[in-house]
Structures are given as C-alpha cells and as structure tokens.
Amino acid sequence: QIPLDPHEQVLSRILGSQTARHGARPYLAQRQGPDRAWSVLSYADFKQKSDAVGQWLLDQKLEPNAPALILSGNSLGHAIFKFGAFAAGIPVCPVSVNYGMAMSDFGRLDHVVQLIRPAIVFVEDAGPFSRALANVDFGRAKIITTTPAIAGRHAIDWAEVLATVPRTDIEQKIASLKPGDVATYMLTSGSTGRPKAVIQTHAMIAANVAQAIQTMGKAAGWDGPMLDWLPWNHVSGATAPLLALAAGGTLYIDEGKPVPGLFDESLKNLRDVPVSYYVNVPLGYAMLADALAADQSLRQHFFKNLRIMLYGGAGLPQPLLDRLQDMAIETIGHKILGSSAYGATETTSGFMSIHYLTDKVGIGLPMPGVEIKLVPHGPRYELRARGPITTPGYLGEPEKSASMFDDEGFYCLGDYATFINPDDPSHGLAFAGRLAEEFKLLSGTWVRGGALKADLVKNLSPLVADLVICGDGQEKLGLLIWASPAGKQLDAAQLNREIQSRLQAHNQANPGQSTAIPRFMILDEPPVVEAHEISDKGTINRSAVIERRHLQVADLYASQPTSSVIIV
C-alpha cells in the first residue's frame, strides 16, 4: 500500500484555497444563449455565487442534516447549487434526469424522494420535469428553479437565491465543517433493484481526488482545459469538476452524448477545446473512432495535445483501443496512454487505475491509500477494497450497509479480476466478470456473463455497439445485438452473415454450453432511456432489456423463430 499524501479534507475549503490562488482563472464553462457561445465562470465568480447560495440556505434555518435533491443535468447552476449546499453543510443527492422525465412511471424518483426526504429541490428548468413535479409527493420541500411559474406553489426563483449577499455566517460555517460530514448521497444504478443512496463524506471525496492527483500528477493535464459529458449524478461524472478544481484547471461542460443526434455536439466541442485528458465510455469511444477515421482535421486537433485517454476499467474492447492507438501513431507519431479508472459508487469513484505504460486493457493497480484483497475463485479473484474512499454505508438501510463488508472491513465489490501477467503483478489486473451478471442455464450450468460479454464484444468489434446475453433458465444462450455505425454501413444480409461467421469461429473455440452462441437477433430499436435499458453513462441494464423485450427473447427461443432470428 502506498500512503496517501496529506491533503485538505473539506471540499468547500478546497474551493476557498483554489480561489485565493487562481481567482481570475476560468473554472467552469458552458454553452449558453441563442449563439451557443461559451459562458465562463472564474474561480472567484464561482465561489461568490456558491457562497450566496450557501448563505441563502443557512437563512432558511433548515433541520440539521436536512438534505437537498438536485434534479438537473450538468450545468453551471447545478455546480453552483451543489457547492452552495456543501458550504452550508447540507448533503446533496443528484438524481438522474431520466427519473423525472419518464412518460408515465415516476416510481424511481418517488422512491428516492421518500428515502432522502429532501427539504430543498433544485430543478434548474422545471419545464421538462413538470409532470414529475405534479405527480411525485415532495412533501414541504422548497423548489428552487428558473421557471417558478411551472414548478408550483413552493417554488422559489433561482435569481432570488443568487441575489443573496454572503455574510460572515457562511465563512464561519465553512470553517466549522468536519471531514466526516456527509457531502452527498450518490445513488446506485438500480440495475438489480431500487436505487440505494450511498453515503459519501467530504473526507471520502477529497481523498479520492487527492489520490488521483498523486497518481497522475501533471501528466493528466487536469490543470488545463477539460471537456466532459458524463452525468454528475454518477460518480465518474461527478469527479470531473472536482479534479479540475483541485488541479486549478477549467472544465468545459459537454452537453453532447454518445447517442445518435447528440454526438455531433460533442464533436463540435472537441473542435473548440484542445484537451490533454479525455474520458468516455466504450460506446462513446466507438463513435469517436468512426468520426476520427472520417475527418483528418478532427483527428489532428484531437490528438495534438492529448496525453491520456481514460475509460471505465471493465468495458473497453481491446480492438477499439488498438484502433485509436493506430490513429494516434499515424497522426502524431506516438501512442497515447490508455488509462482506466475502476471503482464503484461505494468507493467514491475509481480507486484503481492504469498509470503505467501498457497496451492492455485492464483495471490496473490500486491508487495511494487503498488496500485491495483478492479472494480466489477458481482461476479468478473476487475483488475487495478498504481505505479512506469506502462508504460507511447506505442511507436508511443498516442491514445492507453491514452486509457490504467482510469481517476485516473490506468492501465487497462483487467483481472478479485476473492478473494480466500472473508472473508479474506489476502489470495490474484485468476485469473478469461481475457476480450480478452471472446466471444459470436450465441444466444448472453457470454462465459467466460479464467475461463472456467482454469476449463477444471483442470478437464482434467494430460491427457491434453493445449486446445482451440471454439464457436465464434456458437450455442454450442467445444474443440481442445493437449494430454500431460501422455495422450499419453494411446491408442487413451482409451484417447478419458477418456476425454469423464470427460467432461460428467463437463457438468453435468455445463449444461449451455456457459459452457457445447458437442464435442471435439484431435489434432495430436502440436502448430506451426512459425504460432504464441504458444508464446515463451509456451502460446497458441487462435485466431491464430482457424484461422489456420479452417478445424478442421469446422469439429467440421459439422452436420456429421468425426471420429476425439468425441461426449460427
């Protein structure tokens, strides 16, 4: 274990010291107005506005530890409100905007509201959430919004809050904050049940940021311009503005996403912002690779200052990383460090990383201050972690909180890993499946779903954007597949034949009942956000897909399937 360097443990005091050091420097930027120009907040502007919010919150005389709920996408206002709440000692819970934009079912939002019991709800623009505000019981919570006429009877104009003049009260409150005070309740994805609220303290978040700075240092370029779209209601996205803050950098908020129709916005922003550090999910990297291959000017601009390409440690297909590296060599004459960040909501964010030269996709090695335990399970190891970044538990769920740790206080992540090089642990670990993604066939044979999916995505790259493995309680496996932009360039018959051929090769090398794929179907409809088939950060919710598309799954296993089912 490498010790973690001493660091400030309260987020509001980090903002104070960075404002004193870099007051006039741009901190956050977002496109706004009819011309969609970048609107920029300096460190000093940001602190003044967040202190105004903090002062307003103190003036409300709320119950101690009464939380605030944020129902808003990434924005300058979202960040200002969050840091205002931090300053006032109020825990915040950022919620996926998808919870409030459902067409008819607000069950997840209602569950979170009843769990959190917020005293304040920040809804920057109430328009998209008008039905949720009308149908979910927020109790006596005050709604802060730019559109109070839409939000209803307890609404308060955001401009009124920002107009508050900070007094000595707020600086005294910031000085009195303790590292162990709760900063956020971060929600789990809810892919295996209702979302849980993970307690994250100031000390946890500050330690996570400090270990990243200590690991990557100047190499990451966090002290320069950063561009990020990942949602702030998820830990990987919530880390970006904090890394920029701790390093003295500038975060440009990317309102694009790796989905058709929105990715063009991300490409436009990439042409504007010369990043040295870039992070995305596998689907985003696949779309980026296609765009770079088609646009030499974009390729030159993207790689010009780039130092690090960071990905989630569990998901990037090796051929996709190889493709990006080949383009980097062709464009600038050398490879870019392909780095990972592996962690969980319960570990604040990523606590393992690839911070050394390697061509292999993996989850890397633990960052400073963290211990990991590897519990043997056949050829794999179950991962467990202990350190200043692990949560004390879930809000309102003491039994689940107790069961997440082993008898030595290690958090059980529910993931498996293997050594990239068993003879040399310094090469780090590779992801080898998730316990929650493993299921049984009718025969009782276990299917290692996570590891099998990673292998299939690798073999079918670059034709496939994502896939779901079916087979719970069935005799054999089957696949539901979404074609990638590269796959869609082929006509349907060609694509079917190419995937069929590759699966035949896969089956020849993996003939077992738990690995061979005898049938597949290519889906026309993309994953539906409102049905929780895909998370805000672009990962597929397997159980939601299988439940919602039960007719396609039934067709996949029919004795006489339709022509949509391809026999391998």
Closest non-hydrogen atom pair, M186 against A238: CE-CB, 4.2 Å
Side chain T147, main chain A126, donor-acceptor under 3.5 Å: yes
Pairs satisfying salt bridge (Lys or Arg N to Asp or Glu O under 4.0 Å), at least one member in residues 45-54, at least two apart: K47-D51, K47-E171
Q32 side chain to V40 backbone, donor-acceptor under 3.5 Å: no
Check: Y277 ring centre within less than 6.0 Å of W222 ring centre: yes
Closest approach of A417 to I363 (non-hydrogen atoms, all atoms of both residues): CB-CD1, 4.1 Å
Donor-acceptor under 3.5 Å (T188 side chain, K196 main chain): yes
Partner of F122 under ring-ring contact (aromatic ring centres under 6.0 Å, His included), chosen from W232, W56, W158: W158
Spacing of CD1 belonging to I253 relative to CE belonging to M226, to within rounding of 0.5 Å: 11.5 Å
Exercise: do W229 and N269 side chains pair donor with acceptor under 3.5 Å: no
Salt bridge flag under 4.0 Å for residues K400 and E397: yes
Side-chain (H7) to main-chain (D5) donor-acceptor, under 3.5 angstrom: yes
Short side-chain donor-acceptor distance under 3.5 Å, Y99 and N233: no
Polar side-chain atom of S340 near backbone of G362 as donor-acceptor pair, under 3.5 Å: yes
Test item: M404 and Y394 side chains (from C-beta on) under 4.5 Å apart, heavy atoms: yes
Y416 versus E382, side-chain donor and acceptor atoms under 3.5 Å: no
Partner of V121 under side chain to side chain contact (heavy atoms under 4.5 Å, CB included), chosen from I70, I143, V136: I143
side-chain contact (heavy atoms from CB on, under 4.5 Å) between K453 and V468, intermediate numbers included: CA-CA 8 Å; K453 178 178 176 177; V468 166; 5.8 Å; no
Qualifying side-chain hydrogen bond (donor to acceptor under 3.5 Å, both in side chains) pairs with a residue from residues 64-82, counting only residues at least two apart or across chains: S75-E124
Validation row: Q200, V235 side chains within 4.5 angstrom (heavy atoms): yes
Full working for side-chain contact (heavy atoms from CB on, under 4.5 Å) between I120 and I144: CA-CA 7 Å; I120 302 287; I144 299 175; 3.7 Å; yes
Straight-line distance of L41 CG to L76 CG, nearest 0.5 Å: 5.0 Å
Main-chain N/O of L310 paired with S339 side-chain donor or acceptor, under 3.5 Å: no
Check: T418 side chain, A432 main-chain N or O, donor-acceptor pair, under 3.5 Å: no
Distance (rounded to the nearest 0.5 Å) between L435 CG and L383 CG: 12.5 Å
CE-CD1 distance between M367 and I372, expressed to the nearest 0.5 angstrom: 12.0 Å
Donor-acceptor pair, side chain of H202 and main chain of L11, under 3.5 angstrom: yes
Spatial distance of atom OG1 (T345) from atom CG (L187) [nearest 0.5 Å]: 8.5 Å
Donor-acceptor under 3.5 Å (N208 side chain, G350 main chain): yes
Heavy-atom side-chain proximity of S353 to L365 below 4.5 angstrom: no
Salt-bridge contact D223-R25 (side-chain N to carboxylate O under 4.0 Å): no
Spacing of CE belonging to M204 relative to CD1 belonging to I389, to within rounding of 0.5 Å: 7.0 Å
Geometric class of the Y381/F419 ring pair [parallel <30°, tilted 30-60°, perpendicular >60°]: perpendicular
Qualifying side-chain hydrogen bond (donor to acceptor under 3.5 Å, both in side chains) pairs with a residue from residues 109-120, counting only residues at least two apart or across chains: H111-R194, Q114-R117
Electrostatic pair E437:R542 at N-O distance under 4.0 angstrom: no
Under the ring pair (Phe, Tyr, Trp, His ring centres under 6.0 Å) test, residues paired with F83 that sit two or more places apart: F46, F86
T146 and D125: side chain donor to acceptor below 3.5 Å: no
Of all pairs that satisfy salt bridge (Lys or Arg N to Asp or Glu O under 4.0 Å), the ones with a partner from residues 58-77, not counting sequence neighbours: D59-R167
Lys/Arg N to Asp/Glu carboxylate O, R384 vs D406, below 4.0 Å: yes
Side-chain donor-acceptor contact under 3.5 Å, Y252 with Q30: no
Side-chain (T145) to main-chain (V123) donor-acceptor, under 3.5 angstrom: yes
Residues, nucleotides or ligands: over 12 heavy atoms within 6.0 Å of E160 CD: yes
Partner residues of Y185 under the ring pair (Phe, Tyr, Trp, His ring centres under 6.0 Å) criterion, sequence neighbours left out: none
Within 6.0 Å of CZ in F410, more than 12 heavy atoms from elsewhere: yes
